[in-house]
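In what follows, every heavy atom counts, from backbone to side chain, and hydrogens, waters and symmetry copies are set aside. Owing to the predicted nature of the structure, the values given are computational and were not obtained by experimental measurement.
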Amino acid sequence: MKRTDPKSVNQIIDEYLSHEGLTATVDEQRAAYLWPEVVGHVINRYTTRRYVHKGVLHVYISSAPLKQELSFCRERLTADINAAIGRPVLTGIVIH
């Protein structure tokens with residue numbers, strides 16, 4: 001058995017995910033997971049559901065005025081989530 005340089009667990013997981021072709025799926029899940037972190041706790045209280053489909057984050061908001069306000073900030077929110085992930089994962093956000 002050949003010895004190799006030590007790797008962190010994060011590096012091993014990233015290598016496995018890229019080998020299996022799951023990097024895009026994991027990044028989409030991270031984008032949905034980062035929604036509360038990007039918009040904050042107060043706005044997240046009105047979020048009822050969120051998921052990513054084909055690079056678009058779908059967010060369901062229970063407050064109509066907040067939904068209208070967030071629709072004006074979609075581009076900035078997309079850029080903030082992509083910056084938090086470290087690479088462009090989302091192409092847009094749809095507020096329902």
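Ring geometry for His58 versus Tyr51: interplanar angle under 30°, hence parallel rather than tilted (30 to 60°).
Paired with Val52 under the rule side chain to side chain contact (heavy atoms under 4.5 Å, CB included), one option of Leu90, Val59, Val89 passes, and it is Leu90.
For the atom pair CD of Glu15 and CG of Asn10, the computed distance is 10.0 Å after rounding to the nearest 0.5 Å. Between Ile61 atom CD1 and Asn44 atom CG the span is 8.0 Å, to the nearest 0.5 Å. With rounding to the nearest 0.5 Å, the separation of CD1 in Ile93 from CZ in Arg76 is 9.5 Å. Atom OG1 of Thr91 and atom NZ of Lys54 lie 11.5 Å apart (nearest 0.5 Å). One distance of note links CZ of Arg45 with CG of Leu66; it measures 11.0 Å at 0.5 Å rounding.
Scanning all heavy atoms of the two residues, the minimum distance from Thr48 to Ser62 falls at CG2-CB, 4.0 Å.
In the displayed structure, Arg74 atom CZ is contacted under 6.0 Å by at most 12 heavy atoms of other residues, nucleotides or ligands. Other residues, nucleotides and ligands place more than 12 heavy atoms under 6.0 Å from the NE2 atom of His96. Heavy-atom neighbours of Tyr16 OH from other residues, nucleotides or ligands within 6.0 Å: at or below the threshold of 12. More than 12 non-hydrogen atoms from other residues, nucleotides or ligands lie less than 6.0 angstrom from CD of Gln11.
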Can you give each donor-acceptor pair under 3.5 Å made by side-chain atoms of residues 28-41, sequence neighbours left out, with the distance rounded to 0.1 Å?
| residue | atom | partner | partner atom | Å |
| --- | --- | --- | --- | --- |
| Arg30 | NH1 | Asp27 | OD1 | 3.4 |
| Trp35 | NE1 | Thr47 | OG1 | 3.1 |

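Looking only at side-chain heavy atoms (C-beta outward), Glu69 and Ile43 stay at 4.5 Å or farther from each other.
By the criterion of side-chain heavy atoms lying less than 4.5 angstrom apart, applied directly or through intervening Ile, Leu, Val, Met, Phe, Trp or Tyr residues, Phe72 is not grouped with Leu57; the two fall into different hydrophobic clusters. Under a hydrophobic clustering in which Ile, Leu, Val, Met, Phe, Trp and Tyr are joined whenever their side-chain heavy atoms come within less than 4.5 Å, directly or via other members, Val26 and Val56 fall into different clusters.
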